[in-house]
Number of protein chains: 2
Amino acid sequence: MKEGPDIAQIGSLIGDPARANILTALMGGRALTATELAAAAGVTLQTASAHLSKLEAGGLLAQRKQGRHRYFTLADDRVGKLLEGIMGFAASRGHLRHRPGPKEPALRKARICYDHLAGDYGVRMLDSLIEAGSIFAVGEGLSLTAIGEKHLGSIGIDVSGLRSSRRPLCRSCLDWSERRAHLAGSLGKALLSNFLDKGWARRTENSRSIFFTPEGERRFLALFPLELSDGARQPEASQPGLTNTP
Amino acid sequence: MKEGPDIAQIGSLIGDPARANILTALMGGRALTATELAAAAGVTLQTASAHLSKLEAGGLLAQRKQGRHRYFTLADDRVGKLLEGIMGFAASRGHLRHRPGPKEPALRKARICYDHLAGDYGVRMLDSLIEAGSIFAVGEGLSLTAIGEKHLGSIGIDVSGLRSSRRPLCRSCLDWSERRAHLAGSLGKALLSNFLDKGWARRTENSRSIFFTPEGERRFLALFPLELSDGARQPEASQPGLTNTP
DNA sequence: TTCATACTTCGATCGTAACCGAACCATCTC
DNA sequence: GAGATGGTTCGGTTACGATCGAAGTATGAA
């Protein structure tokens, strides 16, 4: 016993329902105030304050004072990835919260996962990019190709600018609703920002779901077509000479 | 609030120190009885029994009755991956258990991670395989090459047999002590089994650490050489035309 | 059958931590 | 300055869950 890092500490941080609600709310990516988080968690401000202190001490949250407000975010994208990983696991065990609520379908269709697009649309986007040869996939690894750089450049994504950041360009993130990978990393973030900037979609209040306008939806689907039928989708692309599929 | 899967439930399962000890012990990969796990967790048998019921109900554990014994294991390798992910996160935040114990160095050198080799030696093995062209890496994705299949076949790994299993052949797993990737998946498992079978190394009682014999260590290091100096190691291999590095 | 071992269930205790009311600071507006 | 809003700290209550002793069930050994 007592081997390795202390998983119990962060487990218990995530294990409290109020704190889990706070973390889930912050998965939306935007910075929220203590008051907003208290409402999200369903507790009073005092209680939320105590939770927020613990989460920050545990390294899960970062805060930034702005006037008399105190804005909280997830500490970094590693926290987001960790939480999405746990969500994926929980979803696979059927531990959905009680019963699917009315907002559930919208959430499954398109939602924000920390800072990038997830849900059916997120998965579709990655599938389409792989099919088009824009992204090269090996197992769980993703890499932008020269074709992809040109392709995305044409819709206004400055790849070379993204590459200067410390953060990996492409990262695969397991989608809890689709149980398949979608695109994360700085490129995933840039793509979602691009859609929001163009007005194709907008964020909804108090929810992680992303609402596409009819026009935006049309354009999105045109930009990311899928040739294969749904049943035949192959998430793990391979190449001659490479053998990774189970 | 109340969006998405219930992360609080599994958070609280992992969040109890006794249960965390049980899970950590089971990361060793071997099936353990309730009595053994009670000892590992530092609680009485009754208490452990209650914990084990909860963990099983939560889908983290699988049990198998054998005579009057009841053997527990992690439910599957996804649980192992989840736990290793949390460990990696916890280690990165400096949440090591209190202070490094006497067993810590051995654990950092070579240990078992569910069913494959981790620690310095695990990371070295993967680095060497990539350098030798046996494994092709793109970001976090790993793939066995034709060269690698021949190479590993020569030391007694039956790759085609492994490929028939449902489980992915190659998978990268983040090492909490080295903070870099090591090889998991059915190939990772087969390699460790191979070393143990050959007597190069053996498992230690009541610990996840792996002990290499002097002869085994010599052979292991010869089989997996490293050309690059330690400082210049490049975890994310790339290929002309592929651009994934930050 | 009898005894021992492995484990579970029951019942009671006990500690901790989540919770909120109230009071207290800090920052902004007027 | 006074008042309002955002947030923290303090104190006391409460409830849940971890814990163990004791008794009960199942399996194997003699």
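Here is how names work: the chains are called A, B, and so on, in the same order as the sequence lines, proteins then strands, and each is numbered from 1. Only this structure's heavy atoms are used, side chains among them; waters, hydrogens and symmetry mates stay out.
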| said: Students often get this wrong, so: under 4.0 angstrom with heavy atoms, is B:Thr35 touching a base, only sugar-phosphate, or nothing? | reply: sugar-phosphate
| query | Is the shortest distance from a Lys or Arg side-chain nitrogen in A:Lys109 or A:Glu217 to a carboxylate oxygen in the other one below 4.0 Å? | reply | yes
| said: Measure CD/B:Gln63 against C1'/C:dA6 and give the value in whole Å, please. | reply: 13 Å
| query | Between C:dT8, D:dA29, C:dA17, which nucleotide gets closest to the side-chain atoms of B:Ala34? | reply | C:dT8
| message | Measuring to OP1 and OP2 of D:dG17, would you say a side-chain N or O of B:Lys54 lies under 4.0 angstrom away? | response | no
| said: Given D:dA18, D:dC20, D:dG7, identify the nucleotide with an atom nearest to the side chain of B:Thr47. | reply: D:dC20
| request: Answer yes or no: does atom CZ of B:Arg219 have more than 12 heavy-atom neighbours from other residues, nucleotides or ligands under 6.0 Å? | output: no
| query | Parallel, tilted or perpendicular: which fits the ring planes of B:Tyr121 and B:Phe220, with parallel below 30° and perpendicular above 60°? | reply | parallel
| Among D:dA4, D:dA26, D:dG21, which nucleotide sits nearest the side chain of A:Arg68? | D:dA4
| request: Inspect the contact between B:Glu84 and B:Arg111 and indicate whether a charged nitrogen and a carboxylate oxygen are less than 4.0 angstrom apart. | output: yes
| message | Is the phosphate of D:dA18 approached by B:Arg19 (side-chain N or O, under 4.0 Å from OP1 or OP2)? | response | yes
| task | Quickly work out the A:Leu37 CG to C:dC19 C1' distance and round it to whole Å. | result | 17 Å
| request: Would you mind classifying the nucleic acid contact of B:Thr33 as base, sugar-phosphate or nothing, using non-hydrogen atoms under 4.0 angstrom? | output: sugar-phosphate
| Salt bridge or not for B:Arg30 and B:Glu36, using N-O below 4.0 Å? | no
| remark: Considering only heavy side-chain atoms of B:Ser49, the closest of C:dT8, D:dG7, D:dC20 is C:dT8
| said: Using a heavy-atom cut-off of 4.0 Å across all strands, would you classify B:Ala48 as base, sugar-phosphate, or nothing? | reply: nothing
| query | Considering only heavy atoms and no angle criterion, is a donor-acceptor pair shorter than 3.5 Å present between the side chain of A:Gln46 and the base of C:dG21? | reply | yes
| task | Measure the distance from CD1 on B:Ile14 to P on D:dG17 and round it to the nearest whole Å. | result | 17 Å
| task | Between C:dA18, C:dT27, D:dG6, spot the one nearest the side chain of A:Lys65, thanks. | result | C:dT27
| task | Classify the angle between the aromatic ring planes of B:His182 and B:His116 as parallel (below 30°), tilted (30 to 60°) or perpendicular (above 60°). | result | tilted
| remark: Nearest-nucleotide check on DNA chain C, A:Ala18 vs B:Leu45; residue mapping nearer the 5' end is B:Leu45
| Using a cut-off of 4.0 Å on non-hydrogen atoms, how would the nucleic acid contact of B:Ala50 be classed: base, sugar-phosphate, or nothing? | nothing
| said: Output the rounded distance in Å from CG (A:Asp16) to P (C:dT16). | reply: 17 Å
| Rounded to whole angstroms, how far apart are CD on A:Glu56 and P on D:dG7? | 14 Å
| remark: Between CG of B:Leu52 and P of C:dT8 the distance, given in whole Å, is 7 Å
| field | Whole-Å gap separating C1' (D:dT8) and NE2 (A:His51) | value | 15 Å
| message | Nearest whole Å is fine: how far is C:dC7 P from B:Leu55 CG? | response | 16 Å
